[in-house]
Amino acid sequence: MIQLIRGFKDILPPESALWQHIERTAIGVFENFGFREIRLPILEQTALFARSIGEDTDIVEKEMYTFPDRKGDLVTLRPEATAGVVRSYIQHKLHAEDPVRKFYTIGPMFRRERPQKGRYRQFYQINAEVFGIASPLMDAQLIYMLMKLFQKLRVKDIAAHINSLGCPACRPEFKSALRVFLSDKTGSLCSDCQKRWMNNPLRVLDCKVPACREALTGAPMLSGHLCPDCRSHFNAVKTWLDELKIGYLVDDRLVRGLDYYTRTTFEIQTGALGAQSAVAGGGRYDGLVKALGGPDIPAVGFAIGFDRLAAILEQEETGHSRRTDVYLAALGEDCRDLAFGWVCTLAGMGILVEMDFESRSLKSQMKRADRSGAAYVLILGENEMKQGLAVLRNLATRIQEEIPLDRLVDTLEQKIKKKQSTD
RNA sequence: GUGGGUGUAGCUCAGUUGGCAGAGCACCUGGUUGUGGCCCAGGUGGCCGUGGGUUCAAGUCCCAUCACUCACCCCA
């Protein structure tokens, strides 16, 4: 038997109904905030990710699906969405008409990590990206939008964590301060952190190895080294979150593994996913558009872990599948043929209708109707046919009535539409 | 990449010191000439993850391998 690839996943009904619900809710919320959908390819040139995410990150170093295509060009299955959105923004000169653009996009990402709870090699993200707005108001609004979405989806047990990573004016100074602080402690750091000490000492900050945490006691903190502009930007974000009544935690160690972030970073964390705490994460990346060859335009965005969000909500309940409106139970071939025509007509009118194609017993068809959650069963047998009638049974109340065949479609439509509006 | 746990029916899982492959749920049929849920009876369904080894005999013991899963790392 051929099985799906390790770390990949099928999304089957009824889970797919929950996915549609999440997707529709997110689209509704984002559109209200002025975001428009952008759809991008899954495959990009490898250089795009190497340059945006950073050569020294785990993602680029060991997690990407990279291979030469048939011509020999190096291509990569996208490990995240932002790089592609930025590429598209620059390539189509979207800044020319109006640098302010707000996009969302939904789709699969690929990272070759060891799979575990809440982590797959193909996973899905809902991304939102804003270009051309440097104001901290936008940082706060993005977090607000995120929390609003989670609130609409009734996600419980979540907390917003925020931090500021500074900018090219203040971060290098902090980096060297941190490097100096750690210089006589490098021996006690884990092997990863010894490399980070040279390449990117910020990453030592969110290492979870106890020895590294201990080495950090009394270490300089980013918050103490922000330049005046970054400081006031971060303060404004916090003030506006307060105004918007969004609770948050300032987390000095929230560094994140992508190199392009500047200033505000944030993560929405949950306790419901085992070791995976982040359901969404994002931040500002003011230098990325320019770094990828575009004009100097600020940007900020986030990504929601779709799989993780779905996993949290699945624990609640999945009543998002549509129930059958009416099940046509036909007895004998003549009746079945008649029913078949009506089923096609009714489905075309927007009624969820089912029938049995195997000419089973009435009892069996009733059972199937019941299992499908049908509101009504329409029974069509020889006796009724002779009289030009069909029997309509309400499965909940067990009340039956006779309906003339020549007014069948109208009557059913009327009854079902009425029932739908009272539900 | 590293470590732990688990692989037996569609699903959840029993399976004794090695001795005929099991239960519940689900599914199908009947009990009711043409009426669902509850109940009762019967039935379908298995390369016991895969390959090798030990043995008269392996679901059970040994080795290998694969998959799933949880955790480390990192992230969504």
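Within every chain, numbering begins at 1; the chains are lettered A, B, ... in the order of the sequence lines, protein sequences first and strands thereafter.
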Counting heavy atoms from C-beta on, name the nucleotide in [options] closest to the side chain of [X].
| X | options | result |
| --- | --- | --- |
| A:N383 | B:G34, B:A76, B:C73 | B:G34 |
| A:R119 | B:C73, B:C70, B:C28 | B:C73 |
| A:S364 | B:A71, B:U29, B:C73 | B:U29 |
| A:S361 | B:G30, B:A71, B:A76 | B:G30 |
| A:Q116 | B:A71, B:A67, B:G30 | B:A71 |
| A:I379 | B:G34, B:A76, B:G36 | B:G34 |
| A:Q3 | B:G37, B:C72, B:A67 | B:A67 |

Could you work out the separation of [N] and [M] based on their [atom1] atoms and round it to a whole Å?
| N | M | atom1 | result |
| --- | --- | --- | --- |
| B:U6 | B:U12 | C1' | 14 Å |
| B:C68 | B:U60 | P | 23 Å |
| B:U16 | B:C72 | C1' | 38 Å |
| B:G24 | B:G34 | C1' | 33 Å |
| B:G36 | B:C20 | C1' | 40 Å |
| B:G37 | B:U32 | P | 14 Å |
| B:U55 | B:A71 | P | 43 Å |
| B:G46 | B:A9 | C1' | 6 Å |

Want to settle it: does A:A278 or A:R112 sit nearer the 5' end of RNA chain B, counting the closest nucleotide to each?
A:R112
Residue closer to the 5' end of RNA chain B, A:A280 versus A:A275 (nearest nucleotide)
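Going by which nucleotide is closer to the 5' end, it is A:A275.
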For A:E129 and A:Y89, does a side-chain donor sit closer than 3.5 Å to a side-chain acceptor?
no
Sort and list the pairs that fulfil salt bridge (Lys or Arg N to Asp or Glu O under 4.0 Å) and have at least one residue in residues 261-290 of chain A, not counting sequence neighbours.
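Every salt bridge (Lys or Arg N to Asp or Glu O under 4.0 Å) pair that includes a residue of residues 261-290 of chain A, provided the two are not neighbours, is A:D139-A:R284, A:R256-A:E267, A:R284-A:D286.
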Salt bridge (Lys or Arg N to Asp or Glu O under 4.0 Å) contacts touching residues 359-388 of chain A (sequence neighbours left out):
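Only A:D356-A:R360 qualify under salt bridge (Lys or Arg N to Asp or Glu O under 4.0 Å).
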For A:K9, which residues count as a salt bridge (Lys or Arg N to Asp or Glu O under 4.0 Å) partner, sequence neighbours excluded?
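By the salt bridge (Lys or Arg N to Asp or Glu O under 4.0 Å) rule, A:K9 matches A:E15.
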With sequence neighbours left out, what residues match A:K417 under salt bridge (Lys or Arg N to Asp or Glu O under 4.0 Å)?
A:E413
Flag side-chain contact, heavy atom, 4.5 Å: A:S223 against A:D252
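Of all side-chain heavy-atom pairs linking A:D252 with A:S223, at least one is under 4.5 Å.
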For residues A:R119 and A:R111, determine if any side-chain heavy atom of one lies less than 4.5 Å from a side-chain heavy atom of the other.
no
Ring centre gap for A:Y124 and A:W19 strictly below 6.0 Å
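They qualify: ring centres under 6.0 Å apart.
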Side-chain donor/acceptor contact of [X] with base of [N] under 3.5 Å:
| X | N | answer |
| --- | --- | --- |
| A:R6 | B:C68 | no |
| A:R393 | B:G36 | yes |
| A:R398 | B:G37 | yes |
| A:Q269 | B:A76 | no |
| A:Q365 | B:U35 | no |

Checking all strands, does [X] fall into the base, sugar-phosphate, or nothing category for heavy-atom contacts under 4.0 angstrom?
| X | value |
| --- | --- |
| A:G373 | nothing |
| A:E80 | nothing |
| A:R111 | base |
| A:L309 | nothing |

Check: [X] side chain, [Y] main-chain N or O, donor-acceptor pair, under 3.5 Å:
| X | Y | answer |
| --- | --- | --- |
| A:R179 | A:W197 | yes |
| A:R308 | A:A278 | yes |
| A:S277 | A:L273 | no |

Per-nucleotide protein contact along nucleotides 2-10 of chain B, 5' to 3', at a 4.0 Å heavy-atom cut-off (B base, S sugar-phosphate only, - neither), is BB-------
When the distance from [atom1] of [X] to [atom2] of [N] is rounded to whole Å, what number comes out?
| X | N | atom1 | atom2 | answer |
| --- | --- | --- | --- | --- |
| A:I59 | B:C73 | CD1 | C1' | 13 Å |
| A:F123 | B:A76 | CZ | P | 8 Å |
| A:L273 | B:A76 | CG | P | 14 Å |
| A:L362 | B:U29 | CG | P | 12 Å |
| A:E402 | B:G34 | CD | C1' | 14 Å |
| A:R360 | B:G34 | CZ | C1' | 17 Å |
| A:L328 | B:G36 | CG | P | 18 Å |
| A:R121 | B:C68 | CZ | P | 8 Å |

If you measure from the ring centre of A:F306 to the centre of the six-membered ring in the base of B:A76, is it under 5.5 Å, with the planes under 30° apart?
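Answer is no, no stack.
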Please determine whether a side-chain nitrogen or oxygen atom of A:T57 lies at a distance below 4.0 Å from atom OP1 or OP2 of B:C74.
no
Can you tell whether the side chains of A:K415 and A:E401 come within less than 4.0 Å, N to carboxylate O?
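The answer is yes: the pair qualifies as a salt bridge.
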Under-4.0 Å salt bridge between A:K175 and A:E173
no
Could you spell out the base pairing of RNA chain B in dot-bracket, with Watson-Crick or G-U pairs whose two distances are under 3.5 Å, [ ] crossing and | to another strand?
(((((((..((((.....[..)))).(((((.......))))).....(((((..]....))))))))))))....
